[in-house]
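Just the heavy atoms: all of them, side chains too, but no hydrogens, waters or symmetry mates, feed the values below. Just so we're on the same page: letters track the sequence lines, and every chain starts at 1. All figures in this text were calculated on a predicted structure; none of them were measured in a lab.
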Protein chains: 2
Amino acid sequence: MSAETDLSPILPSGLVPSLAEQTAARLRESILSGEIGPGERLSEARLAATLAVSRNTLREVFRLLTREGLLHHEPNRGVFVATPSMASILDIFRVRRMIEVPALAQAWPRHEGIARMRTAVERAEALAGVADWRAVGTENIAFHNAIVALTDSPRLIAFHRQIAVELRLTFGLLDSPEMLHAPYIALNREIVDRAGAGDTAGAAVLLGHYLDQSERTIMAAFARLA
Amino acid sequence: MSAETDLSPILPSGLVPSLAEQTAARLRESILSGEIGPGERLSEARLAATLAVSRNTLREVFRLLTREGLLHHEPNRGVFVATPSMASILDIFRVRRMIEVPALAQAWPRHEGIARMRTAVERAEALAGVADWRAVGTENIAFHNAIVALTDSPRLIAFHRQIAVELRLTFGLLDSPEMLHAPYIALNREIVDRAGAGDTAGAAVLLGHYLDQSERTIMAAFARLA
DNA sequence: ACTGTCATAATTGTTCAACAATACACTTAG
DNA sequence: CTAAGTGTATTGTTGAACAATTATGACAGT
């Protein structure tokens with residue numbers, strides 16, 4: 001996974017990540033890849049043995065991922081993989097609109113984030129050519145991370161990364177990633193072209209449309225599950 | 001501390017909070033009350049003894065408060081109370097503008113959050129009468145929490161609560177809370193009156209002015225420290 | 001068969017003690 | 001005065017133990 005698409009929190013500069021953080025990263029990927037399904041209960045003893053860490057360390061990991069929204073902790077009953085709901089999807093898109101659209105609208109057209117957006121689009125175009133839709137989804141997330149990076153706000157960036165992780169959890173539930181991601185590559189291309197040309201306001205409008213459409217698509221796919 | 005001004009994260013519904021969460025709450029208040037100063041190092045062994053919990057439990061607490069932004073973890077060196085900087089203040093106000101202003105602008109005038117805003121203002125007015133400026137500051141934070149509550153977005157509310165905690169950490173550094181809070185009571189009153197009367201757009205404009213002024217005041221007080 | 005009660009087993013919550021790994025302070029050699 | 005090296009304190013991690021809570025299942029009564 002490339003640096004631009006890494007969804008794990010920023011680590012203390014240049015130092016070896018602790019075992020707890022490494023383990024958190026592993027467990028996060030296990031969850032996001034669908035290896036562990038939403039609602040599933042994570043037994044401390046069993047998972048500690050599987051991951052080859054102590055129960056104490058695993059409990060620290062649980063605390064981290066619970067704060068991230070990936071796990072859900074019920075006292076004296078255990079931790080469970082969070083189960084996305086329609087309410088959470090609606091909330092996530094509401095937050096995304098509130099953050100991404102102004103971020104793009106007020107962007108400086110030569111900010112490095114624009115380059116990151118362009119890279120993500122180009123990669124997505126290439127990956128769509130070979131029908132690797134899961135990777136297309138990853139690049140799509142990178143595209144939107146780059147939009148928020150335009151703000152240079154550490155807090156907004158961290159918050160948005162967390163939201164993106166939650167959304168990826170939802171994607172794991174849905175099938176047909178082609179339908180979920182393919183239609184938006186061209187739109188992303190137009191957004192970044194406009195932003196790069198200085199028309200950030202126009203790009204922001206398009207981004208709003210993107211979010212509306214994407215929300216509808218995901219909600220529809222999600223509703224088909226229930 | 002009343003329910004409206006409680007800055008601790010939402011606990012699992014109706015259940016006994018774990019020792020780690022209780023301890024996190026205690027440590028959070030120790031930090032925010034200034035009992036432990038910014039930059040100070042927290043020794044695991046010593047603090048565990050002081051709080052009468054095991055090192056393992058305390059480490060879980062550290063992970064919670066680190067994710068909250070109150071502590072700073074340097075691997076193999078220990079955890080330190082976070083030290084606010086000018087950059088963090090600028091970032092916090094940027095985020096607040098981005099969240100609070102639209103939250104108020106799009107508010108439903110009969111949302112319960114409006115009532116919470118009004119309560120906070122009335123309490124602040126009363127407390128200003130007896131010159132309890134620290135409590136005025138607490139009510140001021142409750143006022144802005146209520147604004148974000150107007151969105152009914154769990155994620156925005158949680159994010160804003162976290163930001164508010166970080167800002168309280170900054171307040172702890174500054175003296176003269178009267179100067180920091182007193183001038184804004186009347187402005188808050190006007191904001192809630194307008195919003196309650198249905199002029200949420202006008203209220204949002206005033207809120208923007210509030211944030212500009214407040215940021216300048218805090219930055220000036222902070223600059224006087226260095 | 002259905003349901004409620006109660007003992008029993010399994011799991012989480014928390015502590016403690018130990019040791020390894022890292023960083024800090026200090027001494028000593030050049 | 002700097003540099004290298006040694007010793008010590010602190011963090012990182014583990015495993016075992018026990019208390020507290022919840023889940024399981026047998027059993028009795030209807």
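- Every residue was checked against the salt bridge (charged side-chain N to carboxylate O under 4.0 Å, His left out) condition with R26(A), not counting sequence neighbours, and none meets it.
- Taking atom CZ on R59(B) and atom P on dT15(C), their separation rounds to 15 Å, with Å as the unit.
- Regarding R63(A), its CZ atom lies at a distance of 13 Å from the P atom of dT12(C), rounded to whole Å.
- For the pair E21(B) and R28(B), the salt-bridge criterion is not met [side-chain N within less than 4.0 Å of a carboxylate O].
- Under the side-chain hydrogen bond (donor to acceptor under 3.5 Å, both in side chains) criterion, S33(B) pairs with no residue at all, not counting sequence neighbours.
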Could I get a table of every N or O pair under 3.5 Å where one atom is in the protein and the other is in nucleotides 7-11 of chain C?
residue: dT11(C); atom: O3'; partner: R41(A); partner atom: NH2; Å: 2.4

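- With sequence neighbours left out, R155(B) forms a salt bridge (charged side-chain N to carboxylate O under 4.0 Å, His left out) with D91(A), E166(A).
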Between the protein and nucleotides 14-17 of chain D, list every N/O to N/O distance that falls short of 3.5 Å.
residue: dT14(D); atom: OP2; partner: S54(A); partner atom: N; Å: 3.1
residue: dT14(D); atom: OP2; partner: S54(A); partner atom: OG; Å: 3.1
residue: dT14(D); atom: OP2; partner: T57(A); partner atom: OG1; Å: 2.7
residue: dG15(D); atom: O6; partner: N56(A); partner atom: ND2; Å: 2.5

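- For H144(B) and Y210(B), the distance between ring centers is under 6.0 angstrom.
- In terms of the salt bridge (charged side-chain N to carboxylate O under 4.0 Å, His left out) criterion, residue partners of R97(A) (sequence neighbours excluded) are, by chain and number, D212(A), E215(A).
- Rounded to whole Å, atom P of dT12(C) lies 16 Å from atom CD of E21(B).
- Across all non-hydrogen atoms, the minimal contact from L70(A) to L32(A) is CD2-CD2, 4.1 Å.
- Regarding E60(A), its CD atom lies at a distance of 8 Å from the P atom of dT13(D), rounded to whole Å.
- Note: F171(A) and H181(A) have perpendicular aromatic rings, judged against thresholds of 30 and 60 degrees for the angle between ring planes.
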